[in-house]
Enquirer: 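Here it is: the structure, laid out below.
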Amino acid sequence: MEKQPKPPPLLLLSSQLSFQNRVCEVTLNSAFLSWKEVETRPKRTSGNIYGPLKAGSHYVPVCEIISVQETEEDCPSTDTGKWQKVPQSVAESNQHAFTVSYVERTQKHRWRCSEVTLHCTDRTLCLQWVQAIREQLSLLTIRPKHLLVYINPYGGKHHGKRIYEQKVAPIFSRASISTDVIVTERANHARDHLKTEADLKKYDGVVCVGGDGMFSEIIHGLISRTQCDSGVDQDCSDEPLIPCSLRIGIIPAGSTDCICYATVGSNDPVTSALHIVVGDSQPMDVCSIHHNKTFLRYSVSLLGYGFYGDVLTDSERKRWMGPARYDISGVKTFLSHRYYEGTISFLPADENVGTPRDKLQCRSGCDICRLPSADKQVSKDEESVSDTETKGVWKVIRGKFLAINAACMSCACPRSPKGLSPSAHLADGTADLILVRKCSRFDFLRHLLRHTNKDDQFDHPFVEVYRVRQFRFTPRYEDTDSELDLRETEGSGRKRFFSQICREHPACSCSLAHSSWNCDGEILPHAAIQVRVHCQLIKLFARGIEEQSVFEEPYAFSAI
Ligand SMILES: Nc1ncnc2c1ncn2[C@@H]1O[C@H](COP(=O)(O)OP(=O)(O)OP(=O)(O)O)[C@@H](O)[C@H]1O
Ligand SMILES: CCCCCCCCCCCCC/C=C/[C@@H](O)[C@H](CO)NC(C)=O
Ligand SMILES: [Ca+2]
């Protein structure tokens, strides 16, 4: 079928207004606000007190306008933050002005809140402009109006509360978003509140201020609540889960901030706040993890056994060090060079979702994530779910592994800007399963270092990677209740350890029977697990990483 051309945007208002003492043609249509200088002063050479004028056009998509308000006159120009010398005649005729705040893209996928103040000859015209812009904003019904915010005051460098108050709250208030804010008092406070207490009907979204662990609390609260309200038993690993309707915003204030970085492209609180304000929506896959018939946890980023499990176990004892704990524990774990034996079985994904080694990175509006596919979540009442879930042949791999990692998304973060699996997709219903077999320390180091540069970390004979919908892991020496000594210390659920038994050499510690699973920064209490990817189970206030060209070229021009 032929694609119909888009109708041109509807012209709503057009006037000559003044901007920084220059006359501009200002236009509002249903898609853009634009201003273009119409008057240029004669060019002068050196010594010119004004300098030559740049005849520039500016376009701001309406969907990226944050707010508009009438501006108090006789105050510093908000364009520059400095007092402007306004010629008498202009000042007298332009005493009415309005200020538009909008999103501006800067470097490295960061967004900033920029402002333009436009001066009008009379108040009626000024109010007409304010009203016309507000009317357009009110049509953007995807924007949240009321949010529930949880702040972890102890995430990362303990700056969560300050980041929210100083950088985020002013943006929400400018965008007329009201909030109920809860500063958590203990681990799992946010999870429990969402699961049982919060009146979710009141809100258009939930915001989490903290790191990946705090985000994990939020999704556990929301997913469990949604399943409970719909009568879905989370212990039943075959049952499809019901997608959560509320979107989640992440204000990064943790140590890794992988989920924020991999869905936005930066770990900048202002950028994240602006993605919330404009009402972005990014669906995301979630893995459910079971041990036999018992539900353990959900994971959206890294599920890692061996190296990343051991790093996390060691780093939990060093929480007081803050984000540096991961570096110290990383080096220590690398030097210990432990490998683990076990069997991995997995159900490969359909070929139409690509492979972990193609170069099709998941970006804003990703075609693979939009594909209608058998891998996608099927609603509860559709019988076909059991067919699609069991179709395909399970593969089985046995061996000795330094690391077994499953990544539902790239897991890009400041430590590894392209991530553990650079071509993994946020919302395709699959995870990338990375098996790093026993190899020399030197080879393992080469593999690890490739996470930090442009080289392909999968291009080693001891690394295999598969795109999967489900997998199971069984350690060579199965967990039994007598072997598994679950010692729970007070506080966080992270503080569960296996008593690690060296089976082959009981008198030494050279080869431990089990590692632990690092599940988005939490330690799982079992080594034998069953994992299933649930396509697009949750939604974030994000849009995926934008192509760099969106930042380089003025976004608006091509669309007009
Ligand atoms: N008030 C609180 N007191 C103690 N722990 C808390 C509190 N609120 C939340 N937590 C727990 O703190 C843990 C770590 O939080 P968070 O994820 O925000 O930071 P992080 O671990 O430094 O960062 P990252 O997860 O990105 O590595 C989470 O597991 C969360 O359950
Ligand atoms: C000895 C040199 C080591 C260099 C290794 C660099 C590799 C870094 C890859 C980091 C990927 C992190 C994936 C995210 C995991 C999060 O879920 C979790 C909780 O925040 N963070 C960690 C560190 O486990
Ligand atoms: Ca995925």
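Index from 1, following the sequence. In listed order, ligands and their atoms are each counted from 1.
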Enquirer: Count up the protein N, O or S atoms sitting under 3.0 Å from the Ca ion (ligand 3), would you?
Expert: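 Atoms of protein N, O or S type lying less than 3.0 Å from the Ca ion (ligand 3) total 5.
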Enquirer: For R319, state whether at least one heavy atom is located under 4.0 Å from any atom of ligand 1.
Expert: yes
Enquirer: Non-hydrogen atoms of H189 versus ligand 1: any pair closer than 4.0 Å?
Expert: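 No, H189 has no heavy atoms under 4.0 Å from ligand 1.
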Enquirer: Taking only non-hydrogen atoms of K157, do any sit less than 4.0 angstrom from ligand 1?
Expert: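 No, that is not the case, since the closest heavy atom of the residue is not under 4.0 Å from the ligand.
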Enquirer: Applying side-chain hydrogen bond (donor to acceptor under 3.5 Å, both in side chains), which residue pairs with at least one partner in residues 434-444 are found, sequence neighbours left out?
Expert: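 side-chain hydrogen bond (donor to acceptor under 3.5 Å, both in side chains) check on residues 434-444 returns R437-E464, D443-R446.
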Enquirer: With a 4.0 Å heavy-atom cut-off (strictly under), which part of N518 contacts ligand 2: side chain, backbone, both or neither?
Expert: side chain
Enquirer: How would you list, by chain and number, every residue that makes a side chain to side chain contact (heavy atoms under 4.5 Å, CB included) with R363, sequence neighbours excluded?
Expert: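 For R363 the side chain to side chain contact (heavy atoms under 4.5 Å, CB included) partners, ignoring immediate neighbours, are Q361, I545, E547.
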Enquirer: With a cut-off of 4.0 Å, which atoms of ligand 2 are near a heavy atom of Y308?
Expert: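 Those qualifying, in numeric order: 7 (C), 9 (C).
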Enquirer: Can you find an N or O of D212 that's nearer than 3.5 Å to an N or O of ligand 2?
Expert: yes
Enquirer: Of the choices E217, H220, M214, which has the non-hydrogen atom that lies closest to atom 30 (C) of ligand 1?
Expert: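 Considering heavy atoms of E217, H220, M214, the nearest to atom 30 (C) of ligand 1 sits in E217.
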Enquirer: Would you please determine whether Y326 falls within less than 4.0 Å of ligand 1 on a heavy-atom basis?
Expert: yes
Enquirer: Has G156 got any heavy atom lying under 4.0 angstrom from an atom of ligand 1?
Expert: yes
Enquirer: Go through the steps for S255 and R325 under the test side-chain contact (heavy atoms from CB on, under 4.5 Å), then give the verdict.
Expert: CA-CA 9 Å; S255 302; R325 69 190 185 277; 3.2 Å; yes
Enquirer: Would you mind writing out the side-chain donor-acceptor pairs for residues 213-220 within the sub-3.5 Å range, not counting sequence neighbours?
Expert:
{"residue": "S216", "atom": "OG", "partner": "H220", "partner atom": "ND1", "Å": "3.4"}
{"residue": "S216", "atom": "OG", "partner": "R297", "partner atom": "NH2", "Å": "2.9"}
{"residue": "E217", "atom": "OE1", "partner": "N188", "partner atom": "N", "Å": "3.4"}
{"residue": "E217", "atom": "OE1", "partner": "A190", "partner atom": "N", "Å": "3.4"}
{"residue": "E217", "atom": "OE1", "partner": "R191", "partner atom": "N", "Å": "3.3"}
{"residue": "E217", "atom": "OE2", "partner": "N188", "partner atom": "N", "Å": "2.7"}
{"residue": "H220", "atom": "ND1", "partner": "S216", "partner atom": "O", "Å": "2.7"}
{"residue": "H220", "atom": "NE2", "partner": "Y298", "partner atom": "N", "Å": "2.8"}

